[in-house]
Participant: 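There's a structure below that I have some questions on.
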Amino acid sequence: MVSGKKKPENDFFALVYEVTKLIPYGRVTSYGAIARYLGSGRSARMVGWALNACHGINDPIPAHRVVNREGLLSGKHHFGSPTLMEQLLINEGIDVEENKVVNFKEKFWDPLIELG
DNA sequence: ATTCTGACAGCAA
DNA sequence: TTTGCTGCCAGAA
């Protein structure tokens with residue numbers, strides 16, 4: 001293989017995209033939960049970094065369903081519009097106040113549990 | 001090649 | 001209790 005030097009299918013980014021796309025409608029998860037599911041544990045920062053690159057791919061990544069462990073919309077500033085992420089969440093029936101997901105614990109979707 | 005940053009989270013003081 | 005630093009891994013300068 002001489003050409004495929006970069007972008008393996010098992011790329012950490014691709015895994016993050018897959019998990020993110022598995023988040024059901026009206027649910028949210030956290031960066032740490034995804035990182036832990038991938039086996040990286042504390043590499044939650046990489047999850048956010050991966051989602052930062054979700055703008056460059058053709059697949060629709062529901063990155064608005066990924067928030068930090070507090071339920072805070074830490075990435076709202078990266079959706080082109082500072083209110084887009086909040087609007088998308090509200091559009092799915094998720095209440096957002098003060099840039100924070102209301103009833104985050106109830107809306108929380110853990111890949112470790114849901115996916116096994 | 002080295003250094004810094006980054007959509008976080010855990011632990012120490 | 002809150003505040004702040006460190007750890008994580010990869011990409012950009």
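Numbered from 1 within each chain, the chains take letters A, B, ... in sequence-line order. As a basis for the values below, the full set of heavy atoms in this structure was taken, side chains included, without hydrogen atoms, waters or symmetry mates.
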Participant: Between C/dC5 and B/dC4, how far apart are the P atoms? Round to whole Å, please.
Facilitator: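 Pairwise P distance, B/dC4 against C/dC5, rounds to 16 Å.
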Participant: Measure the spacing between OG of A/Ser30 and CH2 of A/Trp109 and express it to the nearest 0.5 Å.
Facilitator: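 The OG atom of A/Ser30 sits 11.0 Å away from the CH2 atom of A/Trp109.
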Participant: Check for me, please, whether A/Val19 and A/Trp49 land in the same ILVMFWY cluster - side-chain distances under 4.5 Å, paths through other members count.
Facilitator: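 Yes, A/Val19 and A/Trp49 fall within the same hydrophobic cluster.
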Participant: Do the side-chain N and O atoms of A/His64 and A/Glu92 include a donor-acceptor pair separated by under 3.5 angstrom?
Facilitator: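 Result is yes, a qualifying pair exists.
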Participant: Report the residues that fulfil side-chain hydrogen bond (donor to acceptor under 3.5 Å, both in side chains) with A/Asn99, sequence neighbours left out, ordered by chain and then residue number.
Facilitator: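 A/Asn99 satisfies side-chain hydrogen bond (donor to acceptor under 3.5 Å, both in side chains) with A/Lys76 only.
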Participant: Under 3.5 Å, side chain of A/Arg36 to main-chain N/O of A/Gly41, donor-acceptor pair present?
Facilitator: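 Checking the backbone N and O of A/Gly41 against the side chain of A/Arg36, no donor-acceptor pair under 3.5 Å is found.
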Participant: I'd like to compare against my own output: the B/S/- annotation of nucleotides 6-13 of chain B with a strict under-4.0 Å heavy-atom distance to protein.
Facilitator: BBBSS---
